[in-house]
Each structure stands twice: as C-alpha cells, then as structure tokens.
Amino acid sequence: MSTAEKKGFCWTKENEALAQHHIAKYPEGRQQSAVMPLLDIAQRQNGGHVTVEIMEYIADYLDMPAIRVQEVATFYTMYNHRPIGKHHVQVCGTTPCWLRGSDKILAAIEAHLGIKKGETTADGLFTLGEVECAGACVNAPVVSIGDDYFEDLSPERVTEILDMIKDGKDVVAGPQNGRQTSAPLGELTSLTEFVEKA
C-alpha cells in the first residue's frame with residue numbers, strides 16, 4: 001500500500017480505467033510519460049487540486065521517484081496545490097492579451113467578484129488566477145474557466161459570463177464577439193476574387 005493510500009487517496013474505479021488507458025499509450029518502459037494526464041485525473045478526482053500525498057501515490061503507481069512527479073506538478077500552472085473554487089477563472093496576462101486589454105479584464109473580474117488573484121469567493125464558487133500564455137493569442141484577450149476558453153472578451157462580457165455561470169446558465173465558450181474560431185474579423189481583405197486557371 002502506498003503512502004497516499006494510507007492517507008486516503010486511491011483511484012475510483014472509473015479513474016483507474018482512465019489512468020490505465022493513458023499509460024497504455026506509451027511503449028514498454030516509458031509508462032512514466034503518463035505522469036501529466038494522471039496528475040490531471042487525480043486533480044479532478046480530488047476536487048481541483050493535488051497534494052503531496054497524491055503526487056506520492058502517482059509516483060508509486062508509475063514506479064518513479066516522488067520528486068520527479070513533484071517537479072512536473074510544480075512546473076505547470078495547470079496543477080493546483082491548494083483547494084480552489086468550483087470554477088477556476090484564469091486570465092491570460094501574456095503580451096498579446098495584455099495589449100488587447102487583459103489588465104482591464106482582470107480588474108473587472110476582481111471588482112465583480114470582490115477578490116484578488118489567488119483568492120476564492122466566500123461562497124467557494126470562483127477562484128481567480130493569472131496564467132502566462134493561454135495559447136490563443138489571435139483571439140486575445142482570453143480567460144479560461146475550467147476547461148473552456150472565452151476569447152475576444154470585453155470587461156462587460158466577462159462579468160456577464162460570470163453571472164451566467166453563477167446562475168447555472170449555459171454559456172457558449174469561444175470568441176465572444178461573433179468571430180468564427182480564429183478567422184479574421186470583418187470582410188475578406190485578400191483573395192477576394194476567384195481566378196480561373198487558363
């Protein structure tokens with residue numbers, strides 16, 4: 001029995017199958033490469049964060065040193081090391097998002113929720129954070145809420161989204177300004193005519 005199991009963490013039946021599914025993707029002798037998806041599975045099972053005990057459990061599960069799991073878990077911002085709210089709101093603060101107003105988005109969220117970065121609302125519904133590069137620069141500014149990206153945001157729209165989530169309403173993720181995925185805004189500016197080959 002691993003240290004984490006002694007302290008209470010163990011895969012659910014469903015997550016055991018999911019963990020095995022991810023491990024099976026890697027060739028014999030390379031199963032430790034599944035550490036990232038296993039950390040994600042464990043974090044979801046544990047309500048949104050990983051603990052030292054969970055990292056030790058995964059280390060035992062993958063037959064690798066616990067420090068190697070901790071190195072991965074502390075390097076990536078996707079892994080939380082303390083409890084978070086039901087909805088994890090993460091504002092991208094990298095240059096493209098900042099140039100398109102992410103500082104105003106962050107200020108609007110802080111004012112609307114009454115919390116600062118790293119804090120959770122009193123009702124436990126929202127935790128606010130800032131991340132570096134959400135990887136959706138063309139649609140800046142970007143905020144992720146849980147697994148969904150909300151793009152092309154304005155301060156007004158982000159507060160509307162938060163209210164809709166709080167009220168349990170469905171919110172459509174993606175661009176919030178009518179853009180189709182990451183297509184240019186407005187009309188075509190090039191390749192506007194079809195030229196038939198001779």
Side-chain angles (χ1 to χ4, degrees), residues 15 18 22 36-37 39-50 72-194:
N15 285 342
L18 190 54
H22 284 289
M36 290 185 71
L39 280 165
D40 182 64
I41 295 166
Q43 177 166 271
R44 290 171 191 271
Q45 180 177 317
N46 195 48
H49 72 288
V50 294
V72 172
T74 56
F75 180 80
Y76 293 99
T77 58
M78 66 175 75
Y79 305 116
N80 305 304
H81 301 279
R82 57 189 175 90
I84 61 167
K86 181 177 180 184
H87 303 284
H88 196 188
V89 180
Q90 298 182 90
V91 179
C92 179
T94 306
T95 306
C97 281
W98 177 76
L99 288 171
R100 299 278 317 268
S102 66
D103 53 339
K104 293 177 182 66
I105 300 293
L106 181 62
I109 295 170
E110 288 178 337
H112 191 69
L113 296 179
I115 57 174
K116 298 288 185 191
K117 285 189 298 185
E119 296 179 347
T120 300
T121 54
D123 59 6
L125 203 54
F126 297 102
T127 295
L128 179 60
E130 185 174 4
V131 294
E132 291 303 317
C133 198
C137 306
V138 72
N139 293 49
V142 177
V143 172
S144 65
I145 304 176
D147 290 334
D148 293 322
Y149 270 29
F150 296 89
E151 307 157 352
D152 293 311
L153 285 168
S154 66
E156 297 77 23
R157 181 61 183 151
V158 78
T159 57
E160 289 172 4
I161 290 168
L162 293 172
D163 285 342
M164 290 171 72
I165 291 170
K166 186 174 185 176
D167 293 341
K169 296 178 180 174
D170 290 332
V171 185
V172 177
Q176 300 296 305
N177 62 352
R179 182 197 304 252
Q180 181 183 4
T181 61
S182 57
L185 287 171
E187 300 294 322
L188 290 174
T189 58
S190 59
L191 302 175
T192 58
E193 297 177 16
F194 177 77

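Basis for what follows: all heavy atoms, side chains included, without hydrogens, waters or symmetry-related copies.
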Problem - Results of salt bridge (Lys or Arg N to Asp or Glu O under 4.0 Å) for D40 - residues two or more places apart only - result: R44

Fill in the blank from the handout: Note: T159 and A108 closest approach over all heavy atoms is CG2-O, 4.0 Å

Fill in the blank from the handout: Taken to the nearest 0.5 Å, the spacing of L162 CG from D167 CG works out to 11.0 Å

Problem - Q180 (side chain) donor-acceptor with G178 (main chain) under 3.5 angstrom - result: no

Exercise for the section: Please check if the side chain of S102 supplies one atom and the backbone of P141 the other of a donor-acceptor pair under 3.5 Å. Expected result: no

Practice task
Can you sort out the partners of K117 under side-chain contact (heavy atoms from CB on, under 4.5 Å), two or more places apart, ordered by chain and number?
Solution key: L106, E110, E130

Handout entry: Whether R157 side chain and I161 backbone form a donor-acceptor pair below 3.5 Å
Key = no

Fill in the blank from the handout: Output for pair (T181 OG1, E151 CD), nearest 0.5 Å, gives 9.0 Å

Handout entry: Residue from E160, H87, K86 passing side-chain contact (heavy atoms from CB on, under 4.5 Å) with I165
Key = H87

Handout entry: Expected output: side-chain N15 to main-chain L18 donor-acceptor under 3.5 Å
Key = no

Handout entry: Pairwise side-chain contact, V89 with V143, heavy-atom cut-off 4.5 Å (strictly under)
Key = yes

Completion exercise
To the nearest 0.5 Å, atom CZ of R100 lies from atom CG of D152 at 6.0 Å

Handout entry: Side chain Y76, main chain M36, donor-acceptor under 3.5 Å
Key = no

Problem - Closest non-hydrogen atom pair between V138 and S182, with its separation - result: CG1-CB, 3.3 Å

Handout entry: Distance, nearest 0.5 Å, that separates CD1 of I105 from SG of C92
Key = 11.5 Å

Exercise for the section: Output the distance between atom CG (L113) and atom CZ (F126), rounded to the nearest 0.5 Å. Expected result: 6.0 Å

Handout entry: Main-chain N/O of N80 paired to Q43 side chain as donor or acceptor, under 3.5 Å
Key = yes

Problem - Closest contact, heavy atoms only, A134 versus Y149 - result: O-OH, 2.6 Å

Fill in the blank from the handout: Correct closest heavy-atom pair for H112 and D163 would be NE2-OD1, 2.7 Å

Exercise for the section: Could you pull out all residues at least two apart from P96 that satisfy side-chain contact (heavy atoms from CB on, under 4.5 Å)? Expected result: T94, C137

Handout entry: Interatomic spacing from CG in L128 to CD1 in I145 - rounded to 0.5 Å
Key = 10.0 Å

